[in-house]
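All remarks here apply to the structure that follows.
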Amino acid sequence: MKEFKVVPIRNGTVIDHIECGMALKVLRIIGVSGTNVQSPVSVLMHVPSSKTGFKDVVKVEDRELDTKEVDKIALISPRATINIIRDFNVAEKMKVSLPDVVKGIVRCGNPSCITNLREPVEPEFTVESRNPPVLRCIYCDRILEDIAEHLQ
Amino acid sequence: MNFKGKDIVSIRDLSREDIDQVLDLAERMIPYAKGEIFTKALDGRILANLFFEPSTRTHMSFSTAMSRLGGRTMEMAHPSMMSVAKGETLTDTIRMVESYSDVIVLRHPHEGSARLAAHFSSKPVINAGDGAGQHPTQTLLDLFTIRREFKRIEDVKVALVGDLKYGRTVHSLAEALTMFGAEVTFVAPANLQMPRETVRQVEKLGGKPKLTSKLEEVIKEVDVLYVTRIQKERFPDPAEYQKIAGVYRIDNDLLREAKRDLIVMHPLPRVDEIAPEVDGTEHARYFVQAFNGVPVRMALLLLVLGGEL
Ligand SMILES: Nc1ncnc2c1ncn2[C@@H]1O[C@H](COP(=O)(O)OP(=O)(O)O)[C@@H](O)[C@H]1O
Ligand SMILES: [Zn+2]
């Protein structure tokens, strides 16, 4: 019998090994605001973890994530794992992974970057390193300083 | 590399061999650039000068370069009134202009604009400065000036002096010089010193840059003083600016300490960084440097348009 700090969920997703302190940003990424959800969402913050010291965990019922959401989570928590729960068991488990090029999910932090004007392009970044993620804008060539703040 | 049809957006897109190829061709361009011999290599070709920001040297030298190659130049009528003010996107301007011309030269106040233009244009785009961003033809002509002077770039000792923090051109130059084996020294007041990212990049390329705030410390050893403008706006206190500007001013007193064949370079326009008394000395090279923009830009135009001499 597994031991849970929260009520087990039948179907849904457990986002595990989130960087400490990033749980609320993960909620924002998956569009949970508190008033717009039908099923329970549990957030665990600062729970001990064998791998990383401490971690945050987010559990959402009756919901699976799309690739855009997974890519965004990868940007703020490169070690996160996504567990899909079906009938109380982990049916699928995957690590988030950053692509080599990040397109359209974050804005450039440089206010005078051409992509922050009304041009018809999606912001695009090359991933210079992965943990922690370092993104460089392919247009203005600047490193994006605070990734979480610039998620679109 | 085969340059035909290629965009020139950032100096980082070019390898050492690519740069050598441009500079070798620029060497051959000199008598044409001086108007001693003539060519029609780009006869019938049209260059669109898109300067959304004022520029004297870059703008004129691109026009001169195109004319010296027998091509023509098209200008925007009222850059300030056009497009930006009317709310047209750069993308739309580029899509239109590319159908009127064979090569686009772009100066724009926003960083990344040249990359964006290159993305939408099927004609080659040459970045003539994008805000605080890249200015690859300036870097090329700087390298060209040093190479011509010393017949090499390797082992030449170059001190970059002034505002090293904000100008990306000087960052690219530091990297490019290191890639060619020059020894760079960064001379700047602490608040305007080279950013750590660039210092690290230079080290990654095998350089061992020296950082100092004292010009006197390096003046005896260096071959090149590359002087940049210190902008008043960087100092909240005008008195502080006056003091710093005075410390980094190049004059004959300072140059008495220098090697006899030291050259002084400056991307121009200068304000007070170099005393006019230096102009008449053997050290002054900033006007030659400005001229070198013509053969270098001729070489680039010839390469991207695939013209034959
Ligand atoms: N039915 C469930 N309801 C809620 N959380 C669950 C459920 N099944 C597993 N989890 C949680 O999903 C995460 C991954 O589960 P598991 O694969 O068993 O652990 P681990 O990844 O640590 O080896 C853990 O945080 C676990 O607590
Ligand atoms: Zn940018």
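Order of the sequence lines sets the chain letters (A, B, ...), proteins ahead of strands, with each chain counted from 1.
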Legend entry - For chain A, the option from B:Glu111, B:His110, B:Arg115 that forms the most heavy-atom pairs under 4.5 Å: B:Glu111

Legend entry - A:Asp141 portion near chain B, given a 4.5 angstrom heavy-atom threshold: both

Inset, instruction - Determine the minimum heavy-atom distance between B:Phe120 and A:Val121, stating which atoms define it. - result: CE1-CG1, 3.5 Å

Legend entry - Within-4.5 Å side-chain heavy-atom neighbours: B:Glu88 and A:Arg118: no

Inset, instruction - Looking only at non-hydrogen atoms, find the nearest pair between A:Ile114 and B:Ser113 and report the distance. - result: CG2-N, 3.7 Å

Inset, instruction - May I ask you to check whether over 12 heavy atoms, not counting those of A:Gln38, lie within 6.0 Å of atom CD? - result: no

Inset, instruction - Evaluate whether atom CE of B:Met1 has more than 12 neighbouring non-hydrogen atoms of other residues, nucleotides or ligands under 6.0 angstrom away. - result: yes

Inset, instruction - Give the member of A:Ser112, A:Cys113, A:Cys108 that has the highest number of heavy-atom pairs under 4.5 Å with chain B. - result: A:Ser112

Inset, instruction - Examine distances only and state if a side-chain atom of A:Glu119 and a backbone atom of B:Thr89 form a donor-acceptor pair shorter than 3.5 Å. - result: no

Legend entry - Atom CZ of A:Arg10 with >12 non-hydrogen neighbours under 6.0 angstrom: no

Legend entry - Separation of A:Cys140 SG from B:Gln134 CD (nearest 0.5 Å): 10.0 Å

Legend entry - More than 12 heavy atoms from other groups under 6.0 Å of CZ on A:Phe54: yes

